[in-house]
Protein chains: 2
Amino acid sequence: MVKEISKNIEDKIMAAAVDEFEEKGFNGARMQQIADKAGINKALVHYYFRSKEKLFEKVFLIVAQRAFKKFATTLNNDGTVFEKIGNFFNMHQDLLWKNRNFPIFFLNEVNRNPNLIKKVFEKAELDSNILGFIEQINDEKAQGKIRTDVEPISLLVNIISLSIFPYIGQPVLTEVMQRLNSDYGTFLQQHRQQLAQFVINSIKA
Amino acid sequence: MVKEISKNIEDKIMAAAVDEFEEKGFNGARMQQIADKAGINKALVHYYFRSKEKLFEKVFLIVAQRAFKKFATTLNNDGTVFEKIGNFFNMHQDLLWKNRNFPIFFLNEVNRNPNLIKKVFEKAELDSNILGFIEQINDEKAQGKIRTDVEPISLLVNIISLSIFPYIGQPVLTEVMQRLNSDYGTFLQQHRQQLAQFVINSIKA
DNA sequence: GTCTATATTGGGATAGAC
DNA sequence: GTCTATCCCAATATAGAC
């Protein structure tokens, strides 16, 4: 079946493109490299995707939406706010460890072209998940479990800040740890263990 | 005095280069744009700095070292750990607000070329400041002011995470806030007010 | 030192054979 | 669909006049 074969090549190109774009960014990526990584000819890349921009946008939306989807589902599980915070950090840290250069890639690209973020949000149903979590926080504030001065959105942003930054700052932290006679990997394994407790300590009534 | 004049043009080019590089990154920046912003001819840029790489490195080291210097000094002021945390967020948030696209630029460039960070650290005396702050945290742990399970380095990284991420994530937060019928600017003004208290709540014994 | 004009190359994109 | 060969432009860099 011809369609099948062509689909496989499309996938190969996509996979190679994810690799190349995540490593070098849009401006640094090379179509030749993508072709090489996919084990095919450069002209074929253009045959399937017409232009670098089009290929990039397709790749970007897929990886970004996949990331946001995983992100949203952890907020949507059962449990108290404290339990969800623990679950979130566990899941998110695992995910980030496996995709260490995704965050800086993602943030840099949406900074370069803020229009991308709108397209990502169109399909990822983040809103209801966010709103649900915010509501739960307010409930638990009313129940006296969470400090009344906690602003739900700020809490959410704080959680994400704490989770993502250690990966975005990898090169800096690597250098700092070296100067402190440690190393990035061992630091991170320690660091991730205290994130949930750090947040919970801060907000518990 | 000829030297004076030439120095002024060098400065103009540097200023224009900071602008262009911070906005577009190394790969996205254009020598022609830098010349235009400096109000001079493109050939002159090469006359003064030979190549794009050389110009970039000079610009990068200056802005990065300036940033790290300001960063380090706030850790070095008088006061308790809690006071320093408050002072740090005040200073750092003001600084970031005035240089909103510096963090993502900086982190992206050191990610692209991790070698840059070594050169930044060579001149910025960060080590003693960091070590001093760490020592103080341990002192106040011993005095019963700070929880005994607080790991100083992780605390430091948490503080920096909380401070910087809202700026790195600007495009995302802008979109989210829009969908929540708010806007990025007002969010940030609220958000920054709770950062110090968020940390202090978390670590106070 | 400062400009105009030009060299050079890297890299995205297409034409055309098979 | 897949390749080779080539086009073409953008962008760094330099030569050379003034």
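Residue numbers begin at 1 in each chain, while the letters A, B, ... track the order of the sequences.
What separates CG of B:D36 from C1' of C:dC3 is a distance of 14 Å, to the nearest Å. In this structure, OH of B:Y48 is placed 17 Å from C1' of D:dT14, rounded to the nearest angstrom. Whole-Å rounding puts the B:F26 CZ to D:dA11 P distance at 13 Å. Taking atom NZ of residue A:K12 and atom P of nucleotide D:dG1, one finds them 15 Å apart after rounding to whole Å. Note: CZ (B:F49) to P (D:dT14) measures 15 Å, nearest angstrom. The separation between B:I13 atom CD1 and D:dT12 atom P is 14 Å, rounded to whole Å. Between B:L55 atom CG and D:dA11 atom P there is a gap of 17 Å when expressed in whole angstrom units.
For A:Q178, the side chain to side chain contact (heavy atoms under 4.5 Å, CB included) criterion is met by A:E175, B:K118, not counting sequence neighbours. In terms of the side chain to side chain contact (heavy atoms under 4.5 Å, CB included) criterion, residue partners of B:T174 (sequence neighbours excluded) are, by chain and number, B:Q170, B:Y184. Residues that satisfy the side chain to side chain contact (heavy atoms under 4.5 Å, CB included) test with A:Q33, not counting sequence neighbours, are A:E20, A:K24, A:R30, A:D36, A:K37. Residues passing the ring pair (Phe, Tyr, Trp, His ring centres under 6.0 Å) test with A:H191, sequence neighbours excluded: A:F187. B:N27 is linked by a side chain to side chain contact (heavy atoms under 4.5 Å, CB included) to A:N27, B:R112, counting only residues two or more places apart in sequence or in another chain.
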* Could you run down nucleotides 12-18 of chain C 5' to 3' and tag each one B, S or - for protein heavy-atom contact under 4.0 Å? -> BBB----

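A cation-pi geometry, defined here as NZ or CZ lying under 6.0 Å from the six-membered ring centre and within 45° of its normal, does not hold between A:K204 and A:F82.
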